[in-house]
A.B. asks: 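This structure is in structure tokens; I'll ask about it shortly.
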There are 2 protein chains.
Amino acid sequence: MPVRPTAEPPTGAAHDRVYRTLRTRIMHGELAPGAALTLRGIGKEFDVSMTPAREAVRRLVAEGALFLSTSGRVSTPELTNERIEELAALRALLEVELASRALPRAHMALIDRLQSINSNVAEMISKRDAVGYIRTNLEFHRTLYLRAQAPAMLAMAETVWLQLGPTMRALYGRLRRTEPPQNHRLIIAALKAGDEPGLRLAVRSDVTQGLRLLAG
Amino acid sequence: MPVRPTAEPPTGAAHDRVYRTLRTRIMHGELAPGAALTLRGIGKEFDVSMTPAREAVRRLVAEGALFLSTSGRVSTPELTNERIEELAALRALLEVELASRALPRAHMALIDRLQSINSNVAEMISKRDAVGYIRTNLEFHRTLYLRAQAPAMLAMAETVWLQLGPTMRALYGRLRRTEPPQNHRLIIAALKAGDEPGLRLAVRSDVTQGLRLLAG
DNA sequence: TCTGGTGTTTTGTGATCACAAAGCCTGCAT
DNA sequence: ATGCAGGCTTTGTGATCACAAAACACCAGA
């Protein structure tokens with residue numbers, strides 16, 4: 001069918017729906033590193049032709065969320081240790097700045113919200129739910145960074161998250177910890193105290209620690 | 001034609017050739033902010049059908065190099081002052097880090113090369129060649145940052161350059177200065193002296209100053 | 001059992017087409 | 001002259017198809 005023959009239930013353009021769904025899947029670690037995708041397979045799953053599937057895949061490749069082999073095959077990326085460390089450094093650089101910019105705007109309502117999200121994070125950890133953990137953890141960070149009023153910077157941080165998605169799955173699927181997120185508590189405490197150096201340190205630690213285990 | 005019926009002269013895939021050409025054009029400021037593009041027009045210029053034109057455009061939209069209106073029309077972005085300031089802050093953040101990482105690896109051959117490029121920059125300024133100035137200026141920065149051995153970080157910096165391309169054209173087309181790039185000299189001096197704080201400051205100034213004039 | 005080659009299938013690429021929606025332009029009425 | 005309504009044109013979207021190359025499976029020979 002050409003263009004929206006009848007009114008569709010919720011979504012807009014087909015390629016955008018495919019893109020958003022795949023993006024969320026990758027960012028949340030629902031795909032393992034190196035997982036292969038095919039245009040026809042995607043088209044079949046979303047009940048569209050190859051054209052919108054291709055556009056969605058291209059977009060994700062441009063963002064570094066998918067890897068394109070020389071022969072055109074697409075798969076989730078298998079990152080080298082150097083790459084992982086670099087992306088962790090990027091997270092630190094960007095997210096420390098975002099947190100710092102959010103700090104003067106962080107009111108009590110935001111802190112309450114972060115504490116609420118953080119209890120969900122703890123629940124996911126106790127349930128050993130890797131995907132749920134990644135999702136709620138990113139929600140925690142995004143909620144804070146949204147207060148920074150810096151959309152381009154946040155978009156860039158999300159691009160890094162995207163690139164790390166499959167690797168994070170492999171990481172958190174591997175180590176079986178049950179401790180609640182200590183660094184998140186430090187972040188919240190620093191926000192309450194208006195302690196900028198403490199906030200920067202806490203964010204840097206939170207962002208760096210997990211990935212160092214895998215890459216170190 | 002389907003796929004490479006006869007051996008082609010230089011290039012690989014059609015969509016990639018279109019993508020790279022457009023990307024260079026945008027990054028170097030050859031397109032004014034708000035300039036409109038059409039898929040059929042691109043296809044005609046590159047002698048391909050709409051399909052590869054669409055893929056190239058999608059990629060560039062994903063990188064923020066092109067703006068997609070709600071009706072699907074594509075044009076180069078017209079940035080708000082807030083957005084320009086944010087992108088300048090991102091440049092500062094990323095490029096200061098890249099320069100810092102390049103510093104311990106910067107040998108004399110690199111410094112010579114930078115000086116050579118910098119004389120080209122000065123020439124472009126004296127010739128009032130806006131596009132040539134942007135191109136050589138970026139070449140100066142990229143040459144330095146390549147030494148940082150941080151491809152993901154460099155890619156992110158280039159994405160910021162891409163987003164600023166049309167705006168930089170508007171900026172440097174407007175102000176008619178003839179002074180040679182003073183900050184580049186400071187960068188080179190700091191590299192020679194192994195002075196990391198001085199290098200960070202010089203890079204931050206160089207990256208920030210021009211855009212502050214437009215956005216301030 | 002392993003290796004090499006051959007035929008089949010899968011997969012990405014690009015051209016083309018039909019369709020709808022968004023522009024655009026012209027001309028008429030006030 | 002100005003505003004608006006009708007059509008005509010331009011433009012993006014998505015489906016489908018042909019084709020080549022890559023991946024795969026299968027089988028025969030050592």
Side-chain angles (χ1 to χ4, degrees), chain A residues 1-23 26 31 34-78, chain B residues 1-23 26 31 34-78:
Chain A
M1 300 168 189
V3 173
R4 298 216 255 146
T6 65
E8 298 167 47
T11 65
H15 66 89
D16 208 57
R17 176 170 55 95
V18 175
Y19 164 75
R20 279 197 306 265
T21 305
L22 289 180
R23 180 182 204 260
I26 295 167
L31 277 62
L37 296 177
T38 65
L39 298 183
R40 287 176 176 84
I42 293 169
K44 196 161 190 175
E45 175 183 348
F46 290 90
D47 204 51
V48 295
S49 80
M50 293 172 59
T51 313
R54 227 157 54 161
E55 296 203 24
V57 164
R58 283 286 173 223
R59 250 175 108 174
L60 291 164
V61 168
E63 295 180 280
L66 290 176
F67 168 74
L68 197 68
S69 87
T70 57
S71 68
R73 252 81 169 182
V74 293
S75 59
T76 53
E78 299 182 274
Chain B
M1 299 165 190
V3 174
R4 296 215 256 144
T6 65
E8 298 167 49
T11 65
H15 65 89
D16 209 57
R17 176 171 56 94
V18 175
Y19 164 76
R20 278 196 306 265
T21 306
L22 288 180
R23 182 186 143 100
I26 295 168
L31 277 63
L37 296 178
T38 65
L39 298 183
R40 286 175 177 86
I42 294 169
K44 197 161 191 175
E45 177 183 347
F46 290 90
D47 205 53
V48 296
S49 79
M50 294 172 58
T51 314
R54 223 154 51 153
E55 296 202 25
V57 165
R58 283 285 173 221
R59 251 175 106 174
L60 292 165
V61 168
E63 295 179 280
L66 290 176
F67 168 73
L68 197 71
S69 85
T70 57
S71 68
R73 251 83 168 182
V74 293
S75 59
T76 53
E78 300 182 274

A.B. asks: Start at the 5' end of DNA chain D and walk down; is the nucleotide closest to A:Ser69 or to A:Glu55 reached first?
C.D. replies: A:Glu55

A.B. asks: Rounded to whole Å, please give me the gap between NZ in B:Lys44 and P in C:dT16.
C.D. replies: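 Result: 14 Å.
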
A.B. asks: Assess whether side-chain hydrogen bond (donor to acceptor under 3.5 Å, both in side chains) is satisfied between A:Arg59 and A:His15, documenting all intermediate values.
C.D. replies: CA-CA 10 Å; A:Arg59 250 175 108 174; A:His15 66 89; 4.5 Å; no

A.B. asks: Please state whether the base of D:dG14 and the side chain of B:Arg54 form at least one donor-acceptor pair under 3.5 Å?
C.D. replies: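 Between D:dG14 and B:Arg54, which were checked side chain against base, a qualifying N/O pair under 3.5 Å is present.
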
A.B. asks: Between B:Arg17 (CZ) and C:dT13 (C1'), how many Å, whole number?
C.D. replies: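 Answer to the nearest Å: 14 Å.
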
A.B. asks: Start at the 5' end of DNA chain C and walk down; is the nucleotide closest to A:Gly72 or to A:Thr51 reached first?
C.D. replies: A:Gly72

A.B. asks: Tell me: CG of B:Leu39 to C1' of C:dA15, nearest whole Å?
C.D. replies: 14 Å

A.B. asks: So, taking the atom named CD1 in A:Ile26 and the one named CG in A:Leu60, what distance separates them when rounded to the nearest 0.5 Å?
C.D. replies: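 Spacing of CD1 (A:Ile26) from CG (A:Leu60) equals 5.0 Å.
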
A.B. asks: Taking only N and O in the side chain of B:Arg58, is any of them less than 4.0 Å away from OP1 or OP2 of D:dT13?
C.D. replies: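 Looking at the OP1 and OP2 atoms of D:dT13, one of them is under 4.0 Å from a side-chain N or O of B:Arg58.
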
A.B. asks: Answer yes or no: does a side-chain N or O of A:Ser71 lie under 4.0 Å from OP1 or OP2 of C:dT11?
C.D. replies: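 So the side-chain polar atoms of A:Ser71 never come under 4.0 Å of the phosphate oxygens OP1 or OP2 of C:dT11.
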
A.B. asks: Tell me: CZ of A:Arg73 to C1' of D:dA22, nearest whole Å?
C.D. replies: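 Going from A:Arg73 (CZ) to D:dA22 (C1'), I get 5 Å.
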
A.B. asks: Separation of A:Met50 atom CE from D:dT13 atom P, in whole Å?
C.D. replies: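 It is 18 Å, rounded to the nearest whole Å.
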
A.B. asks: Respond yes when some side-chain nitrogen or oxygen of A:Ser49 is under 4.0 Å from OP1 or OP2 of D:dA15, and no when none is.
C.D. replies: yes

A.B. asks: Can you tell me how far apart CG (A:Leu39) and CZ (A:Arg54) are? Round to the nearest 0.5 Å.
C.D. replies: 7.0 Å

A.B. asks: Once you round it to whole Å, what is the distance between P of D:dT13 and CZ of A:Phe46?
C.D. replies: 18 Å

A.B. asks: Please step through side chain to side chain contact (heavy atoms under 4.5 Å, CB included) for the pair A:Leu37 and A:Leu66, ending with a clear verdict.
C.D. replies: CA-CA 9 Å; A:Leu37 296 177; A:Leu66 290 176; 4.0 Å; yes

A.B. asks: Round to the nearest Å and state the distance from A:Leu37 atom CG to C:dT11 atom P.
C.D. replies: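 Result: 11 Å.
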
A.B. asks: To the nearest Å, give me how far apart CG (B:Asp47) and P (C:dT16) are.
C.D. replies: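 Taking CG of B:Asp47 and P of C:dT16, I get 10 Å after rounding.
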
A.B. asks: With a cut-off of less than 4.0 Å, is there a side-chain N or O of B:Arg40 near OP1 or OP2 of C:dC17?
C.D. replies: no

A.B. asks: Which distance, rounded to the nearest 0.5 Å, do you find between the OG1 of A:Thr38 and the CD of A:Glu45?
C.D. replies: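 Reported value, rounded in 0.5 Å steps: 10.0 Å.
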
